[in-house]
Amino acid sequence: MDIRLHNTLTREKQVFSPQNPQRVTMYVCGPTVYSYAHIGNARPPVAFDVLFRLLRARYGADHVVYASNITDVDDKIIAAAAETSRPIAEITELYERIYREDVGALGVIEPTHRPHATDHIGGMIEMIETLVKKGHAYPGNDGVLFDVPSMADYGKLSGRNREDMIAGARVEVDGGKKDPADFALWKAAKPGEPKEARWDSPWGEGRPGWHVECSAMAKAVLGETIDIHAGGLDLIFPHHENEIAQSECAHGRPMANYWLHNGFLAMDSEKMSKSLGNVKLIHDLLKGWDGEVLRLALLSAHYRGPLDFTEALLNQSKATLDRFYNALRRMDVEAADVSAPNGVMSALCDDLNTPLALAELSALATEANKAEPADWPRFKGQILAAGALLGLLQRDPEDWARGDASEADVIDARVAARVAARKAKDFAEADRIRKELVAEGIEIMDGPDGSTWRRV
Ligand code: AMP
Ligand code: ZN
């Protein structure tokens with residue numbers, strides 16, 4: 001079964017064909033670590049985690065190399081450090097750790113490489129030097145600029161016309177630009193900027209521009225031409241357009257063969273924004289919802305389209321997972337070692353159609369619920385294999401049914417207290433505990449091996 005992916009560069013869904021099936025390469029632009037990530041920021045890592053899983057299933061886990069960077073030098077980081085009077089490294093290490101914990105809770109597999117911008121400054125300087133040498137870059141007043149008119153096919157990814165590109169590039173300071181569309185490759189250090197945010201270079205002390213960071217890191221860990229490059233829709237211009245400009249002018253070959261972009265997440269149909277006060281952090285959502293519920297909600301829409309994030313969606317996602325886990329729990333047998341059913345596989349191979357894959361999984365659960373016990377091992381195996389591709393359903397169904405772990409510990413302790421009371425022939429106390437638990441919707445099952453419980 002071919003994997004087909006929508007390529008922003010060609011504006012078509014294409015059969016995915018890696019340069020080397022023994023080493024399939026993928027790069028997803030990662031976070032700038034200066035504060036907590038919001039749930040919209042979780043969409044690229046979760047959507048492309050499904051792609052990572054699909055590619056691993058197809059080419060073998062050891063044959064897919066996935067890199068996602070950490071941007072640990074940036075204006076916003078410098079500002080956050082100055083505001084809180086903390087060293088830059090303290091800020092970036094803290095928020096990187098939180099980011100990794102947050103996306104980890106959403107079931108995101110750790111990428112093969114997590115390059116840090118500050119570990120690749122040498123490669124960035126080298127790339128800028130090459131660009132200057134080849135006539136694609138020049139020193140400006142406060143650093144080095146990329147010479148946009150020097151690249152004949154600049155703009156091919158976004159398809160923007162020149163006026164729009166100039167308007168887009170205006171947000172950058174002028175700094176002696178020859179052309180209004182030119183952008184910064186190296187930014188000279190400004191007076192008062194901290195030591196940790198400046199490096200020596202042939203153009204004086206300074207730091208790299210954001211775009212060249214990704215170009216250099218992708219080259220360093222994956223190579224000059226990678227198979228897949230991905231990120232959110234907003235990165236098409238200028239970020240990815242400029243990555244293409246830098247890498248292709250430096251190396252004389254395509255930067256990536258397939259460019260994938262996820263659509264935007266909105267909160268209750270409104271754009272998430274600080275001014276509307278509707279920005280939801282992953283970290284905060286995880287206090288009220290299981291990470292798997294958030295993940296399912298994120299996968300409920302096709303990655304390219306918009307996603308409307310609502311309380312109703314979360315409730316529905318929780319109910320869907322309850323249903324899947326209940327189906328697994330009911331089939332009290334060892335799962336057969338089978339692969340994901342065709343329906344789920346072909347949905348994912350068709351440009352990561354996760355809503356269709358979830359619908360297929362749901363139909364499978366319905367069938368499983370009606371199946372004869374003799375067929376349970378196969379159904380259970382298929383549901384688990386489909387779940388593994390989507391990054392779902394890998395927990396013990398009993399644990400899931402009991403709710404979150406800490407809560408389960410408390411209930412375990414209360415059930416144990418009841419057992420102890422019975423042993424001590426304090427039946428009034430045992431009964432009191434049982435009634436209390438029943439009132440909370442927890443059923444106790446007394447068996448020969450002791451007492452267990454479940455939520456009803
Ligand atoms: P930023 O921190 O804004 O650079 O964003 C980090 C990543 O999250 C980028 O790939 C963005 O495209 C993506 N992103 C930011 N906001 C949203 C959103 N509301 N929905 C989906 N993706 C987003
Ligand atoms: Zn990038």
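As the structure is a computational prediction, the values presented were derived from the model and not from experiment. Throughout, residue positions are numbered sequentially from 1 according to the sequence presented. Remember, it's 1-based here, ligands and their atoms both numbered in the order they're listed.
At a cut-off of 2.8 Å, H239 is counted among the residues with an N, O or S atom near the Zn ion (ligand 2). When distances to the Zn ion (ligand 2) are checked against a cut-off of 2.8 Å, H240 contributes no N, O or S atom below that limit. Because the distance cut-off is set at 2.8 Å, E243 qualifies as a neighbour of the Zn ion (ligand 2) through one of its N, O or S atoms.
Considering both main-chain and side-chain atoms, W210 never comes within under 3.5 Å of ligand 1 through any nitrogen or oxygen pair. Residue D234 has at least one N or O atom closer than 3.5 Å to an N or O atom of ligand 1. Some N or O of G232 is nearer than 3.5 Å to an N or O of ligand 1, by distance alone. Looking at ligand 1, you'll find an N or O of L265 within less than 3.5 Å of one of its N or O atoms.
Under 4.0 angstrom from ligand 1, the non-hydrogen atoms of L235 all belong to its side chain.
More than 12 heavy atoms of other residues, nucleotides or ligands sit less than 6.0 Å from atom CG of N20.
A donor-acceptor contact shorter than 3.5 Å is absent between the side chain of D227 and the backbone of M26. Not a single donor-acceptor pair under 3.5 Å links the side chain of Q382 to the backbone N or O of S339. Under a 3.5 Å cut-off, the side chain of Q14 and the backbone N or O of N7 do not form any donor-acceptor pair.
Annotation: cation-pi geometry not satisfied between K280 and F309 (NZ/CZ under 6.0 angstrom from ring centroid, within 45° of ring axis).
We find that K13 and D350 are joined by a salt bridge, their nearest charged nitrogen and carboxylate oxygen being less than 4.0 Å apart. Salt-bridge annotation for E248 and K156: present, with a side-chain N of the basic residue lying under 4.0 Å from a carboxylate O of the acidic one.
Distance from atom 5 (O) of ligand 1 to its nearest protein heavy atom, with residue and atom name: N41 ND2, 3.2 Å. Scanning all protein heavy atoms for the shortest distance to atom 13 (C) of ligand 1 gives P44 CG, 3.8 Å.
Of all the heavy atoms in R43 and H302, the pair that sits closest is NH2-O, 2.9 Å.
No side-chain N or O of R207 forms a donor-acceptor pair with one of T118 less than 3.5 Å apart.
At a 4.0 Å cut-off, at least one heavy atom of H38 sits close enough to ligand 1 to count as contact.
Counting heavy atoms from C-beta on, the side chains of I228 and Y66 never come closer than 4.5 Å.
The heavy atom nearest to atom 22 (N) of ligand 1, considering only G40, S68, P306, is found in G40.
Near G263, meaning under 4.0 Å from one of its heavy atoms, ligand 1 places the atoms 21 (C). Of all atoms in ligand 1, listed by their number and element, those nearer than 4.0 Å to a heavy atom of N262 are 21 (C), 22 (N).
The presence of a protein heavy atom under 4.0 Å from atom 2 (O) of ligand 1 is confirmed.
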